[in-house]
Amino acid sequence: MSDTALKPSSGPDTNRWRALVFIALAQLMVVLDATIVNIALPSAQQDLGISDGNRQWVITAYALAFGGLLLFGGRIADLWGRKRTFVTGLVGFAAASALGGAATGEVMMLGARALQGAFGALLAPAALSLLAVMFTDAKERAKAFGIYGAIAGGGGAVGLVLGGFLTEYLNWRWTFYVNVPFAVVAALGAYFVIREPAGGRNRSPLDIPGVVLSTLGLVALVYGFTRAESAGWSDGLTVAMFVASAVLLVAFVATEAKVKSPLLPLRVLTERNRGGVYLSLGLAVIVLFGVFLFLTYYLQVVKGYSPVKTGFAFLPMMIGMIIGSTQIGARLMTRVPPRLLMAPGFLLAALGMLLLTQMEIGSSYAGLILPGQLMLGLGMGTAFMPAMSLATHGVEARDAGVASAMVNTSQQVGGAIGTALLNTIAASATTAYLTDHAAGATNPKLLQAQAMVEGYISAIWWSVGILVVSAVLAATLITTGAQSGNASASSEDGVEDEVKVPVLAH
C-alpha cells in the first residue's frame, strides 16, 4: 500500500472554498425554486388553462418527487459518487426547468415539475454530503455550514423578491428559466473544481425493497398532508394516505433492520444527537413554511402590497438568518455545545412569532412585522447552522449521503406538514370568526380581512408552541459537546471516536 493511501499527505483540498461557492449556488437555486414558483403560479395557471382543482399539482408534483426520492438520492450519492451525482442533478434540474418554462399545457408543466423534484432529490443530499466530507476541520466546517445554513434558511425570501420581479416585469416563464444559468454555472464549476475525497463510497448492492418502501411511504405521507389542506383531515383518501404511509414506513424500518446493505442504516437515525437534530429541525421548518405562507397573504391581501414589495418586506428575515448563521452560529459552534445554540435560537424565534400574534389589519410594518421577522431570522439562523453541521458530524463517510438526505427529508416533510396543518388551523379560525360576527357586520370586506387576520394569529400561536417544543427537544436530546478538532462521532457511551479523514483523490 502506498504512503498516500495511509495518510493525507496533500492535506485539505486547496479548492474546497471555491467548491463551496458552487455548492452554495446550487443550494440557493433549489431553495429559490421552492418559493419563486408560488408567486408565478396564478399567471402560469391562467396562461396554461390549469383548473383551480389541479393548480395545486404544480406544487404537489414537485413535492412528491422530491420528498419521495430523497433517501434514494442520498444513497445514489454514496454509491455513485457525490460529485457525479451533484453534477447530474444540476444538469437534470436545468433541463427540467427549461421544460417547465416552455410548457404549452398542464401535462407538460406537471411533468416538468415532477422531473425537477426527482433531480432535486439527487442534488440536495449530494450537496450537503460534499460539504460533510470536504470540510473536516471544526473552524472551517463552522464557516462552511454557516454559509450553507444561511442560504438554506434565507434563500426563500430571495425567491419571493426575484419571483415578484420576474412575474411583474417579465413573464412567469422566467421563474423557470432563471434556474438554467444557476445550474450551468454550478455544474461547470463543480466539474472543474470539486475533488471528492476518495474511499468514502458505499459500494454495497442497492437495497431495492428499501427504495420501494421508503419512496412509497414518503410519497403517501407528503400527499396526505397536501390533500388534507384542500380536502380536509377527515377525507377518506387523506386518511387512507396516512394509514398507508404508516404501514409502509414501519415496513421500511423493519426491512432496514434485517437486510445486509440497508438503504438507510439505522445507525444514522438511532445516534441520539442526529435523531435530536432531525426531530427539532423538522418541527422548526413547519413554522418557517407557515410564516412565509401567512405573511405573504397578510402583506398582499390585507395590506395590499405588490409581489415585489412583498418580497422586499421579507428581507429583514433573510438578513437575520444570515447574521444568526454566519456571525453567531458559525463563530460559537466550536466553543459551545450545539444545544446551547439551537435551544436559545428556537426560543428567540418563538419570541419573534409571539410578537406577530399582536398583528392587526392596520399594524405598522416597521413597528411590528419587521422586529418580529428579525427575531425569527436571527433565532432560526443561529439554530440551523449547528443543526446542519451536527446532522452529518461524525457520520461514517459511506453514510454521508443518506445522513444528508435525512436532513432534507425532515425539512421536506416538515414543510408539507407546516403548509397543511397551519393552513387548516388558520382556515378554521377564519370561518369561526366569520360565523360569530356575520350578523352585526356593516362592512363585509372589512369583516373578511379581520377574519383572515384572526386566522393567521391562531396559526402563529401554534407556531410559537411548536418552536418551544423544538427548543426542548434540542436541549434534551442533543448532548454532544462543542465541535472542535476533526469531525468525530459520538459512540453510545458518550466517548468520541475519531473518524479518519479520507484521502483526497487526484
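Computation of the quantities below employed the complete heavy-atom set of this structure, encompassing side-chain atoms and omitting hydrogens, waters and symmetry-equivalent molecules.
- Side-chain contact check for Leu390 versus Arg274: every heavy-atom pair is 4.5 Å or farther apart.
- Distance check, rounded to the nearest 0.5 Å: CZ of Phe294 to OG of Ser463 gives 7.0 Å.
- Here the closest non-hydrogen pair linking Ile478 and Pro338 is CG2-CB, 4.2 Å.
- A distance-only check finds no donor-acceptor pair linking the side chain of Thr357 to the backbone of Ile457 [under 3.5 Å].
- Summarising the geometry of Leu281 relative to Ala387, their closest heavy-atom pair is CD1-CB, 4.1 Å, with the distance given to 0.1 Å.
- Separation of atoms CG (Leu288) and CD1 (Ile466) is listed at 12.0 Å; rounding is to 0.5 Å.
- Between Trp174 and Tyr177, the ring planes lie perpendicular to each other; the angle is over 60°, past the 30° to 60° tilted range.
- In this structure, Ser214 contributes its side chain and Gly210 its backbone to a donor-acceptor pair below 3.5 Å.
- With hydrogens and angles disregarded, no donor-acceptor distance shorter than 3.5 Å links the side chain of Thr215 to the backbone of Val212.
- Side-chain atoms of Phe314 and Gln373, non-hydrogen and from C-beta on, do get closer than 4.5 Å to each other.
- Note that the CD atom of Glu106 and the CD atom of Gln45 stand 9.5 Å from one another [nearest 0.5 Å].
- Of all heavy-atom pairs spanning Phe346 and Ala284, the tightest one is CE2-CB, 3.4 Å.
- Formation of a donor-acceptor pair under 3.5 Å by the Thr430 side chain with backbone atoms of Ala451 is found in this model.
- Aromatic ring pairs are classed by plane angle as parallel below 30°, tilted from 30° to 60° and perpendicular above 60°; the pair Tyr298 and Tyr456 is perpendicular.
- Ala114 and Ala65 make their closest contact through O-CB, 3.3 Å (heavy atoms, listed as atom of the first residue, atom of the second, distance).
- Side-chain N/O atoms of Gln116 and Ser97 include a donor and acceptor closer than 3.5 Å.
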For Leu218 and Leu71: C-alpha separation, side-chain torsions, deciding distance, then whether side chain to side chain contact (heavy atoms under 4.5 Å, CB included) applies. CA-CA 10 Å; Leu218 288 170; Leu71 287 177; 4.2 Å; yes

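- For the 3.5 Å distance criterion, the side chains of Glu271 and Asn273 qualify, holding a donor opposite an acceptor.
- Gly455 and Ala429 make their closest contact through CA-CB, 3.8 Å (heavy atoms, listed as atom of the first residue, atom of the second, distance).
- The shortest side-chain heavy-atom distance between Leu122 and Phe119 falls under the 4.5 Å cut-off.
- Considering all non-hydrogen atoms of both residues, Phe86 and Ala127 come closest at CE1-CB, 3.7 Å.
- You'll find the side chain of Trp80 reaches within 4.5 Å of the side chain of Thr88, heavy atoms only.
- Note: Met342 CE to Leu477 CG = 9.5 Å, rounded to the nearest 0.5 Å.
- Just one of Leu347, Val287, Leu348 meets the side-chain contact (heavy atoms from CB on, under 4.5 Å) condition when paired with Leu467; it is Val287.
- Using modelled atom types, no side-chain atom of Arg75 and backbone atom of Leu70 make a donor-acceptor pair closer than 3.5 Å.
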Evaluate the criterion side chain to side chain contact (heavy atoms under 4.5 Å, CB included) for residue pair Arg272 and Thr479; output intermediate values, then yes/no. CA-CA 8 Å; Arg272 177 173 179 157; Thr479 57; 3.7 Å; yes

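- Leu123 is listed as a side-chain neighbour of Met29, based on a closest heavy-atom distance under 4.5 Å.
- Using a 4.5 Å cut-off on side-chain heavy atoms (C-beta onward), Leu221 and Met241 make no contact.
- How far OH of Tyr278 is from CG of Leu283: 15.0 Å, rounded to the nearest 0.5 Å.
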Side chain to side chain contact (heavy atoms under 4.5 Å, CB included) between Tyr223 and Leu237, intermediate numbers included: CA-CA 10 Å; Tyr223 182 59; Leu237 185 54; 4.1 Å; yes

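- Distance check, rounded to the nearest 0.5 Å: CE of Met109 to CD1 of Ile50 gives 6.0 Å.
- Proximity of Leu48 to Trp172: side-chain heavy atoms (C-beta onward) are separated by under 4.5 Å at one or more points.
- Contact check for Leu130 versus Ile194: side-chain heavy atoms found under the 4.5 Å cut-off.
- In terms of modelled atom types and a separation under 3.5 Å, the side chain of Ser280 and the main chain of Ser470 share no donor-acceptor contact.
- No donor-acceptor distance shorter than 3.5 angstrom exists from the side chain of Arg339 to the backbone of Ala474, with no hydrogens or angles considered.
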